[in-house]
Chemist: 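Okay, handing you the structure first.
So you know, we letter chains A, B, ... as the sequences are listed, proteins then strands, and number each from 1. Just so you know, these numbers come straight off a predicted model, no measurement behind them.
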Amino acid sequence: MIKVKIDGKIVEIERGKRIFELVSDRKFFAARVNGDLSDLSTEITEDCEVDLLDFSSDAGREVYWHSASHIMAMAVKQLFPGAKLAIGPAIDQGFYYDFDLNRPFSPEDLSRIEQRMQQIIGQDIPFERLPTKKTDAIDMFEKNGESYKVQLLNEIEDDEITLYRNGEFVDLCRGPHVGCTGNIGAFKLLSLAGAYWRGDVKQPMLQRIYGIAYPTPDELNDYLKKIEEAKQRDHRKLGADLELFSIFEEAGAGLVYWHPKGATLRRLIEEYWTQEHIAAGYQINMTPHIARGHLWQQSGHYDFYRDNMYLLPVENEEYVLKPMNCPGHILIYKSKVRSYRELPLKYAELGTVYRKELSGTLHGLLRVRGLTIDDAHIFCQPEQIVEELAKVLILAKKFLNRFGFHDFRIELSVRDPMEKTKYLGTDEEWERAETGLIAALENVGTEYTRMEGEAVFYGPKIDIKLIDALGRPWQATTIQFDFNLPRRFDIEYMDRDGKHKQVVVIHRAIYGSLERFIGCLIEHYAGSFPVWLAPVQVVVMPITDKETRYAEQVLQRCRKQGLRAEINNKSEKINYRIREVESSKVPYMLILGQREVVDKAISLRKHKEGNLGQMKLKDFFDLVASEQGGEN
RNA sequence: GCCUGGAUAGCUCAGUCGGUUAGAGCACGUCCUUGGUAAGGACGAGGCCGCCGGUUCGAUUCCGGCUCCAGGCUCCA
């Protein structure tokens, strides 16, 4: 007999029993045995601790979705025997499987595959784990023409691998899986997409099918409903509905036209930025949109960024529409000899740059070709690095919190220690920069994820990512070391010992790009901006024409108070106009009828909350003033 | 750039198995209505059916190319 701790209780069982024999609840479909993920069919051979997994845990969901992807692959192989299998993992939300097939899948194929999957689930076929010698597995997959599986196997170092089998269908897989195909309750295939084998552009393009699965149809429907709701807060839809911005086909993809309301929003965001940066010791400069090609040769952009640059002929020379602001800031820095007493010198600019982005990558405001970076370059001495980085991090947090972002992902990207030659700069510089970044992160006491090998070739960096309505991360804040430009431009300062020394250059942007930031902001607030950001803060509405004069007076007082106010006195019933303004997400409405005229008051209605009753206009001003600061 | 799908009024969407004047709701305009906290009524205007080419007596519809869009891949702020 052996002892097993399961579900908090210790039971004694015979050696060789399988985990499922100890479980009565069918909601459990996998387990951790002493921490290792295992199938429920695993035989227990020694004392151990077993944690049962259901759909409520991350690990459980992964097993569940991964199993669903096997079922999908099985269905595809049955319907399309010529399809070659690539890989089919679980992802954040669901699963996918990549296939190589000589003809494209059509949406109709997806429903055929779904039906076949349903049959396979109905047959309740067990998932069998088959430990196999690697060479045998290679022989088998070669015989079946599964060249991708053979490639994968050749890269596995162990001599023994595991296969999983459902009936006739066998796949290379580490597992674990649910017990039987019948464990999968409800699923749906969501979309078709192309994906390069190994994510490499030079490799063949495979066909990827995305899907999702849940234990019950209700949960599946909730998920699908949530996706639909998320689409309602898509910044592209809200941008049009709220008249914030447009992107015109006839004017070019990836180029944003800000309508007055969007421009107001952007101006407020810029004003806040300017004020905070001046307070934080930055000096604001401005640089032109084009510069001679020579400058970009010196900076190295001609070598490593050429494909992304717009080149312009000017007389006999080539000019470049700037893709970055750095060379301009460096020229200003270098316009005279700098003393160590001036450092750190911090130049900031809301610099609009243009980049040739591939058409397929463009996405509303989140990925564009003309973008405004809230760029700054910090020129400092090596010993000032940690303090300056910490200040940037604190400033970034202040900004993000101010805009109501509290949930974001911070990533530290360092170089790949295996491939040091890919990067510019000395070991010493990298060491100093990476420890500086880590020290700053720790000083500020912030959690972060270390991304090995994700650094840019010219230096390590810290990025902060915001999440859009569909949960996709978008890089906003970035803080990057640069070992390239100081060298290429010979950027120096005179130290107290009278010697010229090379400065350290740190690039940083907090919003990242105004366009992307505003895109995320629109989705974050679902278009209902806090008062300090709302393009229109208050709409004044006389109930009948008799109150129009009074309403005009109230409007003027609001404007005099500095509020962004409008009047809506069109010939519609008050209910109609309330609905109209409510759906335009304006924070406040002032409703004015005879009672208000007589009482010299206003009746206040707040967006999403409804009627707040009568009050003096001055009290409304106080109320707005108390909210103006927004979140902090 | 690559893969799959798409593009009909300002928006959301019908429709045309290739055939006279392509429809609806919302939005917009005029008029009626002056209504107290989420849609009052009548009438009206609004379409190179994304662009270019081909097939055809005839193309918004079929075919090809292009542009743009959606979701991915790659890339990145």
Side-chain angles (χ1 to χ4, degrees), chain A residues 91 96 98 104-107 109-110 190-210 231 234 236-237 240-241 243 246-254 305 307-308 323-324 351 353 355-369 371-375 456 463-466 470 472 474-478 480 507 509-517 519-520 541-548 569 571-583 589-596 603-614:
Chain A
I91 51 176
Y96 68 79
D98 286 344
F105 287 121
S106 67
D109 292 334
L110 283 196
L190 298 171
S191 60
L192 276 165
Y196 301 105
W197 169 239
R198 295 277 157 104
D200 184 342
V201 184
K202 292 187 278 287
Q203 300 276 4
M205 171 74 62
L206 307 172
Q207 298 188 67
R208 176 171 297 178
I209 302 177
Y210 285 91
K231 285 186 190 151
D234 188 311
R236 292 163 300 185
K237 178 178 162 52
D241 289 353
E243 297 178 60
S246 293
I247 295 170
F248 298 106
E249 175 173 348
E250 62 265 44
Y305 209 68
D307 291 347
N308 283 291
M324 293 187 189
V353 300
R355 298 178 179 178
K356 267 192 202 170
E357 299 292 350
L358 297 177
S359 58
T361 65
L362 300 175
H363 185 97
L365 292 179
L366 301 180
R367 190 70 191 277
V368 293
R369 286 185 172 142
L371 56 143
T372 304
I373 302 179
D374 65 316
D375 219 343
V456 203
D463 295 323
I464 302 182
K465 295 189 172 173
L466 301 177
L470 285 174
R472 295 172 295 205
W474 295 90
Q475 183 174 322
T477 302
T478 184
Q480 310 186 348
H507 307 264
I510 289 180
Y511 295 134
S513 92
L514 267 299
E515 289 75 9
R516 177 176 290 177
F517 186 80
C520 288
M541 290 206 281
I543 291 173
T544 76
D545 290 349
K546 292 191 212 62
E547 295 87 29
T548 300
N569 54 1
S571 170
E572 292 287 353
K573 281 172 62 176
I574 193 70
N575 279 355
Y576 178 93
R577 284 178 282 151
I578 284 172
R579 178 184 160 84
E580 184 174 53
V581 176
E582 194 66 37
S583 49
M589 281 177 245
L590 305 184
I591 316 281
L592 308 175
Q594 271 313 297
R595 293 206 288 273
E596 285 72 27
S603 170
L604 184 65
R605 184 185 168 98
K606 188 170 185 181
H607 178 53
K608 283 186 181 161
E609 288 180 28
N611 191 357
L612 299 185
Q614 219 186 65

Chemist: Looking at every strand, decide which applies to A:Glu243 at a 4.0 Å heavy-atom threshold: base, sugar-phosphate, or nothing.
Modeler: nothing
Chemist: Measure CG/A:Leu206 against P/B:rU4 and give the value in whole Å, please.
Modeler: 12 Å
Chemist: Enter the distance from A:Lys573:NZ to A:Arg579:CZ here, rounded to the nearest 0.5 Å.
Modeler: 13.5 Å
Chemist: Sticking with atom C1', work out how far B:rC49 lies from B:rG23, rounded to a whole angstrom.
Modeler: 12 Å
Chemist: Taking the same atom, P, in B:rA27 and in B:rU12, what whole-Å distance lies between them?
Modeler: 15 Å
Chemist: If you measure from the P atom in B:rG18 to the same atom in B:rU61, how many Å do you get, rounded?
Modeler: 11 Å
Chemist: Under 4.0 Å, heavy atoms only, any strand: does A:Glu250 hit a base, just the sugar-phosphate, or nothing?
Modeler: nothing
Chemist: Mind checking side-chain contact (heavy atoms from CB on, under 4.5 Å) for A:Ser191 and listing every partner two or more places apart, or none if nothing turns up?
Modeler: A:Tyr210
Chemist: Tell me the interatomic distance from A:Ile591, atom CD1, to B:rU37, atom P, rounded to whole angstroms.
Modeler: 9 Å
Chemist: Could you tell me whether a side-chain N or O of A:Arg516 sits under 3.5 Å from a main-chain N or O of A:Gln475, the two making a donor and an acceptor?
Modeler: yes
Chemist: So do the side chains of A:Ile578 and A:Ile591 get within less than 4.5 Å of each other, counting heavy atoms only?
Modeler: yes
Chemist: First locate atom OG of A:Ser513, then atom CG of A:Leu371, and finally report the distance between them rounded to the nearest 0.5 Å.
Modeler: 5.0 Å
Chemist: On RNA chain B, compare the nucleotides closest to A:Lys237 and A:Leu592; which residue's is nearer the 5' end?
Modeler: A:Lys237
Chemist: Is the closest side-chain heavy-atom distance between A:Gln594 and A:Glu547 below 4.5 Å?
Modeler: yes
Chemist: Which atom names give the shortest non-hydrogen contact between A:Val368 and A:Glu357, and what distance separates them?
Modeler: O-CG, 3.5 Å
Chemist: Which protein N or O atoms sit under 3.5 Å from an N or O of nucleotides 28-35 of chain B?
Modeler:
unit_1: B:rC28; atom_1: OP1; unit_2: A:Lys570; atom_2: NZ; d: 3.3
unit_1: B:rU33; atom_1: N3; unit_2: A:Ser571; atom_2: OG; d: 2.8
unit_1: B:rU33; atom_1: O4; unit_2: A:Ser571; atom_2: OG; d: 2.3
unit_1: B:rU34; atom_1: O2; unit_2: A:Asp545; atom_2: N; d: 2.9
unit_1: B:rU34; atom_1: N3; unit_2: A:Asp545; atom_2: OD1; d: 3.2
unit_1: B:rU34; atom_1: N3; unit_2: A:Asp545; atom_2: OD2; d: 2.8
unit_1: B:rU34; atom_1: O4; unit_2: A:Asp545; atom_2: OD2; d: 2.7
unit_1: B:rG35; atom_1: N7; unit_2: A:Ile543; atom_2: O; d: 2.4
unit_1: B:rG35; atom_1: O6; unit_2: A:Ile543; atom_2: O; d: 3.1

Chemist: Would you indicate whether the side-chain heavy atoms of A:His607 and A:Glu582 approach each other to under 4.5 Å?
Modeler: yes
Chemist: In whole Å, what separates the C1' atom of B:rA70 from that of B:rC32?
Modeler: 44 Å
Chemist: Could you state the atom-to-atom distance from CD of A:Glu596 to C1' of B:rU37 in whole Å?
Modeler: 11 Å
Chemist: How about A:Glu596 and A:Pro542: do any of their side-chain heavy atoms sit closer than 4.5 Å?
Modeler: no
Chemist: In whole angstrom, give me the gap between the C1' atoms of B:rC26 and B:rC48.
Modeler: 25 Å
Chemist: Between A:Gln203 and A:Trp197, what is the shortest heavy-atom contact and its length?
Modeler: CB-O, 3.2 Å
Chemist: Produce the list of close N/O pairs, under 3.5 Å, pairing protein atoms with atoms of nucleotides 42-51 of chain B; give distances to one decimal.
Modeler:
none

Chemist: Go through the N and O atoms of the side chain of A:Glu547 and the base of B:rG36, and report whether any donor-acceptor pair is under 3.5 Å.
Modeler: no
Chemist: Mark up nucleotides 71-77 of chain B, 5' to 3', with B wherever a protein heavy atom is under 4.0 angstrom from a base atom, S wherever such an atom reaches only the sugar-phosphate, and - elsewhere.
Modeler: BBBBBBB
Chemist: Please measure how far the C1' atom in B:rG46 lies from the corresponding atom in B:rC28, and state the result in whole Å.
Modeler: 9 Å
Chemist: Checking side chain to side chain contact (heavy atoms under 4.5 Å, CB included) between A:Met541 and each of A:Asn569, A:Ile574, A:Leu590, which is the one that passes?
Modeler: A:Ile574
Chemist: By side-chain contact (heavy atoms from CB on, under 4.5 Å), which residues pair with A:Asp374, not counting sequence neighbours?
Modeler: A:Trp273, A:Leu350, A:Arg508, A:Ala509, A:Ile510, A:Tyr511, A:Leu514
Chemist: So, for A:Thr361 and A:Arg367, which heavy atoms are closest and what is the spacing to 0.1 Å?
Modeler: O-CG, 3.1 Å
Chemist: Mind calculating the distance between OH (A:Tyr96) and C1' (B:rU4) to the nearest angstrom?
Modeler: 17 Å
Chemist: Just need the stems in RNA chain B: three or more back-to-back Watson-Crick or G-U pairs, each with both distances under 3.5 angstrom, sorted by first number.
Modeler: B:1-7 with B:67-73, B:10-13 with B:23-26, B:28-32 with B:40-44, B:50-54 with B:62-66
Chemist: With rounding to the nearest 0.5 Å, note down the distance linking CG in A:Asp307 to CZ in A:Arg355.
Modeler: 14.0 Å
Chemist: On a whole-Å scale, what distance lies between the C1' atoms belonging to B:rG6 and B:rC43?
Modeler: 37 Å
Chemist: Starting from C1' on B:rC69, measure out to CD1 on A:Ile247 and report it in whole angstrom.
Modeler: 11 Å
Chemist: Considering only the C1' atoms, how many Å lie between B:rU16 and B:rA59, rounded to the nearest integer?
Modeler: 11 Å
Chemist: Once you apply a heavy-atom cut-off of 4.0 Å, does A:Ala253 come out as touching a base, just sugar-phosphate, or nothing?
Modeler: sugar-phosphate
Chemist: Report the distance from atom CG of A:Leu466 to atom CZ of A:Arg472, rounding to the nearest 0.5 Å.
Modeler: 14.0 Å
